[in-house]
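Presented below is the structure to which this report refers.
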Amino acid sequence: MAWEEAKAILSYEVLRLVKRKAVAFMAAMAILPVLGALIASLIASREIGGERLWAVLMGFDLGTGAMTGLLAAVGVAGWAWLLGVVIGGDLFASDIRDGSLQLFMLRPARRVYPIAKMAAAGLFSIAFYTVASLIVLISSIILGGWQRDWWLAPLTGFILGVGLYPVILTSSIFGIVTRSPIAGMILGAAAYLLTGMAVSFGLSIILIVGGIANIEAWISFIEKEILVSGAIPYLAGTNLPSIIYYAVTLGNSFTPIPLPAVGGSGQVTITLELKPLDVLPLYTASLVIGTLALAAINLALLRRLEV
């Protein structure tokens, strides 16, 4: 009985997400890389190699050349957090507001209801970004044909879908507390963006003290930002695909990071002392522990409402 109820809730939730206008808009955005690749193949097909195009579109390889900015702008990873706050903010808030939560909690399988809802949100996120990453793969084939490491595109899309779970659950907490889907989305977005800004702003003091022109200060700043971000679940989750990408492509080599041009010096590439495989356990542990903790907070808040 409980399993049948869980399947019904899963099906209903996924269908509800598919019908949402915000999700439809993001799905349309996910198709844009193909259009960008078609344009690039006509006007600048040599400027970005096909083997790096999918990484640029996924948002974790800066690349070089004038077309990079255009292609990265229509990528899927850069706005992944937005889908997370849209899903999470409305996950339970609408049910609380219209009284559906109380009705579900009266049913025999009431314990299944919140778990099935959270599972549906996670499964939808994984499916969405796995498909989006396959679209990115199609884009790279259009521009440069099959390249080595092409399988990283769907893999990192899957990881991005999993990594978005903390963002979803954080927005869901705000939605439950405020009993408003819109407030849940706004506060969830604020938590994600302000946390990222706080990390960058706080650590930028190191860069300023060291001197902007000092390359060692740049390296220290970026390395500390990577480590601190890895300890924050929803930053770790959305950045995990880039860690996986560098871990697979570089192994345990030092990570090269291209910096923007400074004055007339042009682009500079620095090499971080951090190795991808060294920080991968931190990001993975943060994602797992953070997801479990945020899920537990969601369940605790819902139980309080039930009482």
Side-chain angles (χ1 to χ4, degrees), residues 5-6 9-10 12-23 25-26 79-107 109-126 128 161-199 201-202 228-229 231-239 286-307:
E5 190 109 11
I9 294 170
L10 279 169
Y12 171 78
E13 284 299 314
V14 170
L15 184 61
R16 188 170 71 92
L17 285 169
V18 170
K19 291 181 177 180
R20 295 194 62 181
K21 292 181 180 179
V23 172
F25 172 76
M26 291 178 212
W79 44 268
W81 62 270
L82 185 57
L83 181 67
V85 301
V86 168
I87 295 175
D90 190 43
L91 188 60
F92 294 107
S94 291
D95 292 347
I96 295 171
R97 189 177 57 182
D98 63 18
S100 300
L101 176 69
Q102 289 77 5
L103 292 176
F104 272 109
M105 290 304 187
L106 292 174
R107 300 176 69 88
R110 62 182 181 276
R111 295 183 184 275
V112 174
Y113 163 73
I115 296 175
K117 290 265 288 187
M118 288 191 286
L123 289 173
F124 181 83
S125 172
I126 292 170
F128 184 95
V162 174
L164 205 61
Y165 223 154
V167 180
I168 294 172
L169 295 175
T170 300
S171 298
S172 175
I173 290 171
F174 286 121
I176 293 171
V177 172
T178 62
R179 305 190 179 201
S180 168
I182 299 299
M185 294 175 200
I186 293 174
L187 293 174
Y192 178 82
L193 295 174
L194 292 178
T195 303
M197 290 171 61
V199 171
F201 179 76
V228 174
S229 296
I232 302 172
Y234 43 84
L235 294 182
T238 52
N239 291 330
S286 177
L287 174 61
V288 172
I289 295 171
T291 298
L292 293 174
L294 291 167
I297 294 172
N298 271 271
L299 292 174
L301 289 172
L302 290 172
R303 288 194 188 101
R304 286 190 63 182
L305 290 176
E306 182 184 358
V307 174

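With values rounded to the nearest 0.5 angstrom, Asn298 atom CG is found 4.5 Å from Ile176 atom CD1. To the nearest 0.5 angstrom, Ile87 atom CD1 is 10.0 Å from Tyr165 atom OH. A distance of 4.5 Å separates CD1 of Ile173 from CD1 of Ile297, quoted to the nearest 0.5 Å.
Counting heavy atoms from C-beta outward, Val288 and Leu292 have side chains that approach closer than 4.5 Å. Phe92 has its side chain within reach of Pro114: a pair of non-hydrogen atoms, C-beta onward, lies under 4.5 Å apart. Within the 4.5 Å cutoff, the side chain of Ile168 has no heavy atoms near those of the Met118 side chain.
Between Arg97 and Pro181, the closest heavy-atom pair is NH1-CD, 3.7 Å. Here the closest non-hydrogen pair linking Asp95 and Lys117 is OD2-NZ, 2.8 Å. The shortest heavy-atom contact between Ala191 and Thr170 is CB-CG2, 4.4 Å. Looking at every heavy atom in both residues, Ala121 comes nearest to Leu91 through CB-CD1, 3.9 Å. The minimum heavy-atom distance between Ser229 and Leu235, with the atom names listed, is O-CB, 3.6 Å. Minimum heavy-atom separation, Val86 to Met185: O-CE, 3.7 Å.
For Ile186, the side-chain contact (heavy atoms from CB on, under 4.5 Å) partners at least two apart in sequence or on another chain are Ile182. For Ala183, the side-chain contact (heavy atoms from CB on, under 4.5 Å) partners are Thr178, Ser180, not counting sequence neighbours. Qualifying side-chain hydrogen bond (donor to acceptor under 3.5 Å, both in side chains) partners for Ser171, counting only residues two or more places apart in sequence or in other chains: none. The side-chain contact (heavy atoms from CB on, under 4.5 Å) check on Pro166 picks up Pro233, Tyr234, Leu287, Thr291, Leu294, with sequence neighbours excluded. With sequence neighbours left out, Ala236 forms a side-chain contact (heavy atoms from CB on, under 4.5 Å) with Tyr283, Ser286.
Contacts classified as ring pair (Phe, Tyr, Trp, His ring centres under 6.0 Å) and involving residues 168-192 (residues at least two apart or in different chains) are given here: Trp81-Tyr192.
The 12-atom threshold is not exceeded at CD1 of Ile289, counting heavy atoms of other residues, nucleotides or ligands nearer than 6.0 Å.
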